[in-house]
> 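Quick one: the structure is below, questions incoming.
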There are 2 protein chains.
Amino acid sequence: MDKREHLVQVAFDIFYREGVHAVGINRILTESGVAKKTLYNHFASKDELVAATLSYRDQRFLNWLGERMATGQAGIDALKAMFDALHDWFNGEDAGQPQFNGCYFINLSAEYGDAEHPLHQQCSAHKRAVQALMRQHLSAWVESGVLDQLVDALAILKEGAIVQAHVTGDKNAALKAWAIAEPLLQAHVRQKD
Amino acid sequence: MDKREHLVQVAFDIFYREGVHAVGINRILTESGVAKKTLYNHFASKDELVAATLSYRDQRFLNWLGERMATGQAGIDALKAMFDALHDWFNGEDAGQPQFNGCYFINLSAEYGDAEHPLHQQCSAHKRAVQALMRQHLSAWVESGVLDQLVDALAILKEGAIVQAHVTGDKNAALKAWAIAEPLLQAHVRQKD
DNA sequence: TACCATGGAGACAAATCTGTCTACTTAAGG
DNA sequence: CCTTAAGTAGACAGATTTGTCTCCATGGTA
């Protein structure tokens with residue numbers, strides 16, 4: 001078994017549920033059954049472990065979302081699939097996602113508020129990657145002149161839904177966001193050549 | 001001078017910039033020049049001080065937003081004024097707001113993720129209050145059947161804009177959000193009797 | 001068999017955390 | 001003038017923080 005991978009998984013679970021600053025290294029060690037020596041053998045500091053959990057989550061989330069968007073759907077349907085996926089995540093109906101506790105990257109941006117901080121920038125990079133995924137699914141189906149606008153709009157709606165679901169507990173936020181997004185997209189569907 | 005008030009102001013400034021768990025009580029004491037005894041004379045614990053900063057920010061933010069929405073505007077224009085206010089906040093162009101570092105309530109919800117936690121619920125209550133303010137400005141101007149939908153939509157757009165501005169640094173997010181919100185509102189303006 | 005890398009368990013250092021408590025000062029009001 | 005309340009300054013306790021280091025066990029490989 002890969003100790004490093006195990007450590008990252010356990011650390012992510014705990015950091016995601018309870019926050020980074022609220023949890024000490026020792027919690028992760030006892031909960032993972034790994035020795036402190038081993039942790040500091042793989043990571044130079046707690047921050048490096050946190051960075052690893054961000055990479056781990058980044059990869060897993062993009063894979064998950066990519067798959068949910070790709071299942072037989074094309075174009076605008078893929079975007080609907082994205083909001084459906086968010087809905088399932090909020091409501092604990094997708095086994096591929098942990099108990100919903102907001103977005104890990106938004107949460108970490110809150111704890112590392114300084115935009116210059118490496119961890120904050122890692123969060124920013126993740127959001128850009130998700131936007132790239134949306135753009136990729138949209139680019140062939142909408143007029144290219146409005147592509148950037150639509151991706152920005154979808155990003156705002158997606159982040160807003162996540163925050164609403166987490167802070168106010170509105171578990172239908174993803175559906176509400178899609179209700180706004182859909183007509184926006186429909187209005188700019190490219191005429192099929 | 002009111003020691004309690006001063007303490008809350010300084011604590012809010014620091015907690016907002018750096019996060020709650022990342023800052024110790026002693027930082028607030030030295031930076032405010034107040035004795036530890038005095039702090040614990042006013043507040044039973046750090047959590048109570050945090051709760052006070054939430055109340056303080058809740059009041060200040062609602063006052064600020066309410067004023068920006070009320071200046072001569074009516075109906076839908078008041079909502080445009082809201083997004084303009086957010087834009088100024090993001091870009092440091094409103095002296096009534098601190099250096100933008102995201103939404104204090106979203107940030108605290110990230111640090112206190114458990115929905116049952118009193119501080120989390122205080123954040124949730126703030127968001128409901130802001131929605132009530134939006135509803136109040138809208139209720140006379142749109143068809144009553146779609147009022148709830150519109151308020152939900154505006155809330156999602158507002159939170160989405162804040163998160164985008166903070167995490168990815170897109171300081172124009174408020175304008176983009178308004179570009180989505182405006183046609184939604186226009187479509188449901190009540191016929192003037 | 002001998003060697004060496006890896007990890008387990010945890011003591012330890014040095015700093016920092018929250019919260020309590022003592023001793024002293026200051027100011028207001030009867 | 002005397003009493004009382006409130007604040008200052010900071011020592012202190014006890015827990016917890018990150019990170020280092022030691023000692024020992026285990027397991028694969030030359």
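Residue numbers start from 1 in every chain, and the chains themselves are labelled A, B, ... in the order their sequence lines are given, proteins ahead of strands. Values reported hereafter were calculated over all heavy atoms of this structure, with side chains retained and with hydrogens, waters and symmetry mates removed.
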> Restricting to ring pair (Phe, Tyr, Trp, His ring centres under 6.0 Å), what partner residues turn up for A/H120, sequence neighbours left out?
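For A/H120, the residues satisfying ring pair (Phe, Tyr, Trp, His ring centres under 6.0 Å) (neighbours in sequence not counted) are B/H166.
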> ring-ring contact (aromatic ring centres under 6.0 Å, His included) for A/W89 and A/F83? Distances and angles first, verdict last.
CA-CA 10 Å; A/W89 177 30; A/F83 283 93; over 10 Å; no
> If only side-chain N and O atoms count, and only distance matters, is there a donor-acceptor pair under 3.5 Å linking B/K3 with B/N41?
no
> A/L7 CG to C/dG8 C1': how many Å, rounded?
13 Å
> What does the list of N/O pairs under 3.5 Å between the protein and nucleotides 6-13 of chain D look like, with a distance for each?
from, atom 1, to, atom 2, distance (Å)
D/dG7, OP2, B/N41, ND2, 3.4
D/dT8, OP1, B/K3, NZ, 3.0
D/dT8, OP2, B/A35, N, 3.1
D/dT8, OP2, B/T38, OG1, 3.0

> Counting only heavy atoms and a strict 4.0 angstrom limit, can you tell me which residues of residues 12-23 of chain B come near DNA chain D?
none
> How close or far is atom C1' of C/dT18 from atom CG of B/D47, stated in whole angstroms?
11 Å
> Using whole Å, what does the distance between atom C1' of nucleotide C/dA15 and atom CG of B/N26 come to?
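Taking CG of B/N26 and C1' of C/dA15, I get 12 Å after rounding.
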> Can you measure A/L39 atom CG to D/dT17 atom P for me and round it to whole angstrom units?
14 Å
> How close or far is atom C1' of C/dT6 from atom CG of A/D2, stated in whole angstroms?
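Rounded to whole Å, this separation is 13 Å.
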> Contact between B/H117 and B/Q121 at the side-chain level, heavy atoms closer than 4.5 Å - yes or no?
no
> In whole Å, what is the span from the CD1 atom of A/I28 to the P atom of D/dT17?
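In whole Å, D/dT17 P lies 10 Å from A/I28 CD1.
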> Going by the rule side chain to side chain donor-acceptor pair (under 3.5 Å), which residues pair with B/R68 if we only count those two or more places apart in sequence or in a different chain?
B/D88, B/D94
> With sequence neighbours excluded, give me every side-chain hydrogen bond (donor to acceptor under 3.5 Å, both in side chains) pair touching residues 103-115 of chain A.
A/H21-A/E111, A/T53-A/Y104
> Does this structure show an ion pair linking A/K80 with A/D84, if we count only N-O contacts that are shorter than 4.0 Å?
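Salt bridge flag = yes for A/D84 with A/K80.
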> Could you pull out all residues at least two apart from A/Y40 that satisfy side chain to side chain donor-acceptor pair (under 3.5 Å)?
none
> Please report the distance, rounded to the nearest Å, between CG in A/L29 and C1' in C/dA9.
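The answer, rounded to whole Å, is 11 Å.
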